[in-house]
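Remarks on the structure that follows.
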There are 2 protein chains.
Amino acid sequence: MAGIRETKKKETRQAIMQAAVTLFSEKGFEKTSIEELAKAAGIGKGTIYGYFQTKSDILHAFCEDELESLHEELTTNADREIPILQQMVSIYMSEFRQITQNREFARLFMQQTAFPRDVDLEKHLANEDNYFKLLFPLLEKAQERGELRRDVDLLYITGHFYGLYLLLVSAWFSGRVQTEEAETALETLFRQAIEGLQPRPEHTSNEGKAHE
Amino acid sequence: MAGIRETKKKETRQAIMQAAVTLFSEKGFEKTSIEELAKAAGIGKGTIYGYFQTKSDILHAFCEDELESLHEELTTNADREIPILQQMVSIYMSEFRQITQNREFARLFMQQTAFPRDVDLEKHLANEDNYFKLLFPLLEKAQERGELRRDVDLLYITGHFYGLYLLLVSAWFSGRVQTEEAETALETLFRQAIEGLQPRPEHTSNEGKAHE
DNA sequence: AACAAAAGATGACTGCGGTCGACTTTTGTT
DNA sequence: AACAAAAGTCGACCGCAGTCATCTTTTGTT
């Protein structure tokens, strides 16, 4: 009952991804040909297209896998009692560090993720929903703790953080934010989003600044 | 002194973009071949690569041109006395409507703009700087009017709005935001960014909700 | 065990993006 | 006007992503 077929399929899929990541890392995405990749994986060229629709799909699948296991980690290890600001910074910085390891991978992945092709929409939405399942509970608790407004839809709150994450990554690509500055930048942005861009009344009595 | 060469160059460039946009709109970007495009523009295939580096560069250049003229309009027509919220919504919605006219164009353009290739970095940064020149004065005035915090760098303020714009476009691609809902969504997001995500003290006396 | 149908694998083949070296046009210099 | 260098044009050519008709393996049925 092992299901020879299914076992093999998974093995082959893994072999392809394995070979792909190795080659893409060594020679770069563009410079690696599918034929080369097939040979490295020990299969024929056409076979690859039984597992992935396009060349970039292979890379995308790999990145998704990486992020998924990252999410599992995060979900189990998260300390849900620290301020939501720290939680969000921590989550998105994990993602940032992961994705940012390889510039080319990151570009391709983010391009597809932020502005997906219509063909990938269904899968994309499913992925996003998973994300929400991870974030919503944390945000809800923060609402209960009084850290976040209750009159703002959770989808919107997620949106704020995700939007700023997109910004960070974009700024990283354009060189406006260095890798080492990223965490500080993200924390600042998130804090500002929470506090608001308009001048606060006064009530900032417990900050580092003089109490004026 | 007309400079036969320069005149012709500009004409040819225009002819290429013209043909490209027509064909890309009619048949789609992928389905249009460079050879076809060259024929439509009345030139040889290789010539195109004297004007643009890649196929998608042609599209990108077109979108940039469109947005640039849009910005000129905005700069002259802007009413700098209305609340910064309205100004920002107005500016980014113009951009959204423009870019959103053609889904495929939008995707390619946004992918390149938000996560540019390293080769395009220089041009990209120049473009961004132009953007800042447009926005900074408005934001500064808003700071003077007391609508925006003075202790937040203008670059960061721009970032907040731009990040939310990216989010909107991304959500539009994934179908989470319909074209007609876009303006409302963006306004809500911008307002929330200005007000902040944390519960405001009370001072919300002039909203629609009952006064509790 | 025999066999038919379903699923998978394969590499020759196709079409296209991008390059390159040969050719033509423009420019500026004498 | 003559001419050399610089700039621009061109399409045959190359390499590669992705397809498809054909062949091989697995599965379920008798």
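Order of the sequence lines sets the chain letters (A, B, ...), proteins ahead of strands, with each chain counted from 1.
For B/Tyr92 and B/Phe161, the ring centers are positioned 6.0 Å apart or more. Centroid-to-centroid, the aromatic rings of B/His71 and B/Tyr131 come within less than 6.0 Å.
In this structure, CD1 of B/Ile16 is placed 12 Å from P of D/dG8, rounded to the nearest angstrom. Regarding A/Glu36, its CD atom lies at a distance of 16 Å from the P atom of C/dG11, rounded to whole Å. Spacing between atom CD of A/Glu30 and atom P of C/dT19 amounts to 12 Å, rounded to whole angstrom units. What separates CD1 of B/Ile48 from P of D/dC10 is a distance of 10 Å, to the nearest Å. Taking atom CG of residue A/Leu37 and atom P of nucleotide D/dG15, one finds them 19 Å apart after rounding to whole Å. A/Phe52 places its CZ atom 15 Å from the C1' atom of C/dG8, with the value rounded to the nearest Å. Rounded to whole Å, the distance from CD1 on A/Ile34 to P on C/dA9 is 15 Å. One interatomic measurement links the two molecules: OH of B/Tyr49 to C1' of D/dG11, which rounds to 13 Å at whole-angstrom precision.
For A/Lys55, a side-chain nitrogen or oxygen approaches OP1 or OP2 of D/dA17 to under 4.0 Å. One finds a side-chain N or O of B/Tyr51 lying less than 4.0 angstrom from the OP1 or OP2 phosphate oxygen of D/dT9. Residue A/Lys45 places no side-chain N or O under 4.0 Å from the OP1 or OP2 atom of D/dG18. A close approach under 4.0 Å does occur between a side-chain nitrogen or oxygen of B/Lys9 and OP1 or OP2 of D/dG8. The side chain of A/Thr47 places an N or O atom within less than 4.0 Å of a non-bridging phosphate oxygen (OP1 or OP2) of C/dT10.
C/dT19: Watson-Crick or G-U partner is D/dA12, with both key distances under 3.5 Å. Using N1 to N3 plus N6-O4 or O6-N4 for Watson-Crick, or N1-O2 and O6-N3 for G-U wobble, each under 3.5 Å, C/dA2 pairs with D/dT29. Figure legend. D/dA21 is base-paired to C/dT10; pairs are counted as Watson-Crick or G-U wobble with both atom distances under 3.5 Å.
Under 3.5 Å, the side chains of B/Trp172 and B/Thr100 contain no donor-acceptor pair of N or O atoms. Under 3.5 Å, the side chains of B/Asp79 and B/Gln87 contain no donor-acceptor pair of N or O atoms.
In this structure, B/Phe115 and A/Phe115 have tilted ring planes: the angle between them lies in the 30° to 60° band.
Note on A/Ile43: only backbone sugar-phosphate atoms sit closer than 4.0 angstrom, heavy atoms only; bases stay farther off. Among the protein residues, A/Thr32 comes within range of the sugar-phosphate backbone only, with heavy atoms under 4.0 Å from sugar or phosphate atoms but none that close to a base. B/Gly50 comes within contact range of no nucleotide atom at all, as no heavy-atom separation falls under 4.0 Å.
Between B/Lys8 and B/Gly46, the residue anchored closer to the 5' end of DNA chain C is B/Gly46, taking for each the nucleotide with the nearest heavy atom. Summary of the strand contacts: B/Gly42 and A/Lys31 both lie near DNA chain D, and taking for each the nucleotide with the nearest heavy atom, the more 5' one is attributed to B/Gly42.
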(request) Run the numbers on B/Phe136 and B/Phe132 for ring-ring contact (aromatic ring centres under 6.0 Å, His included), then give the verdict. (result) CA-CA 6 Å; B/Phe136 278 11; B/Phe132 294 150; 5.4 Å; yes

